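Worksheet: one structure, shown below.
Computation of the quantities below employed the complete heavy-atom set of this structure, encompassing side-chain atoms and omitting hydrogens, waters and symmetry-equivalent molecules. If you're wondering where the values come from, they're calculated on a predicted model, not measured in any experiment. Proteins get letters first, then strands, A, B, ... in listed order; numbering begins at 1 in each.
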Number of protein chains: 2
Amino acid sequence: MATVAVENYLKHVLLLSEGGEELVSMGDLAGALAVVPGTATAMVKALADEGLLEHQPRLGVRLTTRGRRIALNVLRKHRLVETFLVETLKMDWSKVHAEAEQLEHAVSDEVLDRLDALLGHPRQDPHGDPIPNRAGKIDSQVYATLATCATGRRLRIVRVTEQSEEFLRFAEDSGLRPGAELSVGERNLVSGLVTLTRTDGGKIALGVAAAGKILVEPRG
Amino acid sequence: MATVAVENYLKHVLLLSEGGEELVSMGDLAGALAVVPGTATAMVKALADEGLLEHQPRLGVRLTTRGRRIALNVLRKHRLVETFLVETLKMDWSKVHAEAEQLEHAVSDEVLDRLDALLGHPRQDPHGDPIPNRAGKIDSQVYATLATCATGRRLRIVRVTEQSEEFLRFAEDSGLRPGAELSVGERNLVSGLVTLTRTDGGKIALGVAAAGKILVEPRG
DNA sequence: CCACCTATTTTGATTAGTCAAAATAAGTGT
DNA sequence: ACACTTATTTTGACTAATCAAAATAGGTGG
């Protein structure tokens, strides 16, 4: 059975490869896992020996089919647990990521399936992140962000791709959660400022980096 | 923060001391944790240095106040999680012990409190084991067992003190779960056999060791 | 009192995961 | 082509938790 550390390495390789087939650099992986680069190299070598990922020295890593299967299962646990914490236990969506980081390694497949049923087989978690189904299939639709979308049009927030508690608390306080509707007033590339208008007329200013974390679709 | 191993050592010292103040022998502790005796000695020495338990060499160990506080919190998590798995997720009570062994180390105090509220602050888990409250207080009523109680009287099962899946499946199939009513027909100390009569008239034979795992109170 | 049995402790090794710091490989610009 | 920068890998050391097996300490029975 995969240890907690192994599950975390595989999960982060999956997240960093955006679901695609690109190589993930050792630096990015080490950064995501908060370990020094040498540690990541050592661990990656071991995981490659186990056949869970493919290591191209000095270039990066990519999941094997087996590794991907495990990573998707961990991600499914993470996101279903987050959904449970918000929907059933009424926890604040800014806190559930940290909780799920622990629980994702302790929840069995049977509990997972029962949670899934209890919640009505949700497709997204509270942040709008897609939940892989039991077969490991995951919606990977590409959305525009508040940093890249057309201005003036009516939009709906579909996803917030940032897990830090501070960011999410800010988003919550500003009404920027999945499902909320708004439009982009103006975007100043020089100052890096994006101005939003909520349906209630309220205006919010946002840095372009933060705006890039918020995915939207045209309302319709 | 206490590691998983530390939490397990403290929890098992608590369980083996029956809530009382008696010393727990190293052999019993090592057995409960499924480690060799030398491992338990080493770990106990470390925990004593941390001030979590008191080690009397060659005699045994006992929890300190700090160790007891942690152990009770772990036990509370274990039993509330079991209750959640049975009540909310409708899992079989014979399986929830193993699940809770994992989850008890991953559930935060905040999630714990919300589970407690969701379940309506239960006093016992599905096996009838008392759940410590948040302050660490735990019902420690002494009950008779099917091996020690008077024969002929009408009884109610209050608790089944054995966690193994096989035993619990047998108990379930025989209608021996907390709340069930029955009486002890006869008890043969020579053969070690206990005969039970259910309310529906059905008879069940049980070894005296198994009978000792089932706690009862006079119905009334 | 001595030999023996049993529980406990010690000692030496092992594994997983980690860090710090030195060594190396791969560009990049001049 | 050469010196530089930067990412990656290697090396050596450490911690937590464990096992196997040898050493030891208490009783217990004769």
Side-chain angles (χ1 to χ4, degrees), chain A residues 1-18 22-63 66-67 70-71 74 101-102 104-106, chain B residues 1-17 22-64 66-67 70-71 74 101-102 104-106:
Chain A
M1 197 25 77
T3 64
V4 169
V6 168
E7 290 188 347
N8 277 329
Y9 275 82
L10 297 176
K11 181 186 68 174
H12 278 110
V13 173
L14 176 67
L15 290 173
L16 289 170
S17 62
E18 296 277 333
E22 319 94 55
L23 286 174
V24 173
S25 80
M26 297 309 276
D28 288 355
L29 182 56
L33 288 158
V35 297
V36 300
T39 300
T41 300
M43 192 70 179
V44 154
K45 219 170 40 178
L47 294 181
D49 288 349
E50 296 279 310
L52 297 175
L53 46 79
E54 179 194 343
H55 181 203
Q56 308 205 340
R58 308 245 161 214
L59 295 176
V61 290
R62 140 192 315 139
L63 292 170
R66 278 183 54 218
I70 295 174
V74 175
E101 288 287 300
Q102 302 304 310
E104 68 190 3
H105 309 294
Chain B
M1 198 26 77
T3 65
V4 170
V6 167
E7 290 188 345
N8 277 329
Y9 275 82
L10 296 176
K11 180 185 70 174
H12 278 110
V13 173
L14 177 67
L15 290 172
L16 290 171
S17 63
E22 317 93 57
L23 286 173
V24 173
S25 80
M26 297 308 276
D28 287 354
L29 182 57
L33 288 159
V35 297
V36 300
T39 300
T41 299
M43 192 68 179
V44 154
K45 218 170 40 176
L47 295 181
D49 287 349
E50 296 279 311
L52 297 176
L53 47 76
E54 178 193 345
H55 181 205
Q56 308 205 341
R58 301 232 118 98
L59 295 176
V61 290
R62 142 193 313 141
L63 293 169
T64 63
R66 278 184 54 217
I70 295 174
V74 175
E101 288 286 300
Q102 304 303 312
E104 67 189 2
H105 308 294

Take A:Val74 and A:Leu10 through the test side chain to side chain contact (heavy atoms under 4.5 Å, CB included) and record every step on the way to the result. CA-CA 9 Å; A:Val74 175; A:Leu10 297 176; over 6 Å; no

Starting from the C-alpha separation in whole Å, work towards a yes-or-no answer on side chain to side chain contact (heavy atoms under 4.5 Å, CB included) for A:Ile70 and A:Lys11. CA-CA 8 Å; A:Ile70 295 174; A:Lys11 181 186 68 174; over 6 Å; no

Listed pairs, N/O of protein and of nucleotides 14-18 of chain C, under 3.5 Å:
residue, atom, partner, partner atom, Å
C:dG17, OP1, A:Thr3, OG1, 2.4
C:dT18, OP2, A:Tyr9, OH, 3.2

I'd like a list of close polar pairs between nucleotides 22-25 of chain D and the protein, N/O only, cut-off under 3.5 Å.
residue, atom, partner, partner atom, Å
D:dT24, O2, B:Arg58, NH2, 3.2
D:dA25, O4', B:Arg58, NH1, 2.9

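With sequence neighbours excluded, the residues that form a side-chain contact (heavy atoms from CB on, under 4.5 Å) with B:Arg66 are B:Leu52, B:Thr64. Under the rule for a salt bridge (charged side-chain N to carboxylate O under 4.0 Å, His left out), the partners of A:Glu54 that lie at least two apart in sequence or sit in another chain are A:Arg62. Taking the salt bridge (charged side-chain N to carboxylate O under 4.0 Å, His left out) definition, one finds that A:Glu7 meets it with nothing, sequence neighbours left out.
Here the rule is side chain to side chain contact (heavy atoms under 4.5 Å, CB included) with A:Val13, and of A:Val44, A:Val24, A:Leu47 only A:Val24 fits it.
Going from atom CD of B:Glu7 over to atom P of D:dA17 covers 11 Å, rounded to whole Å. In this structure, B:Leu47 places its CG atom 13 Å from P of C:dT9, rounding to the nearest Å. The nearest whole Å value for the distance from the CG atom in B:Leu23 to the P atom in C:dA7 is 17 Å. Spacing between atom NZ of A:Lys45 and atom P of D:dT9 amounts to 9 Å, rounded to whole angstrom units. The distance from atom CG of B:Leu59 to atom C1' of C:dT9 is 13 Å, rounded to the nearest whole Å. The CD-P distance, from B:Gln56 to D:dG26, rounds to 13 Å in whole Å. Summarising the geometry, the separation between CG on B:Asn8 and C1' on D:dA17 is reported as 12 Å, rounded to the nearest angstrom. One interatomic measurement links the two molecules: CE of B:Met1 to P of D:dA16, which rounds to 16 Å at whole-angstrom precision.
Among the atoms of the strands shown, base atoms are found under 4.0 Å from some heavy atom of B:Gly38.
Sorted by first and then second residue, the salt bridge (charged side-chain N to carboxylate O under 4.0 Å, His left out) pairs with a member in residues 23-52 of chain B form an empty list; sequence neighbours excluded.
Close to D:dT8, at under 4.0 Å from its OP1 or OP2, lies no side-chain N or O of A:His55.
Contact of the A:His105 side chain with the A:Asn8 side chain is registered, since non-hydrogen atoms from C-beta on lie closer than 4.5 Å.
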With a cut-off of 3.5 Å and sequence neighbours excluded, list every side-chain donor-acceptor pair involving residues 29-40 of chain B.
none

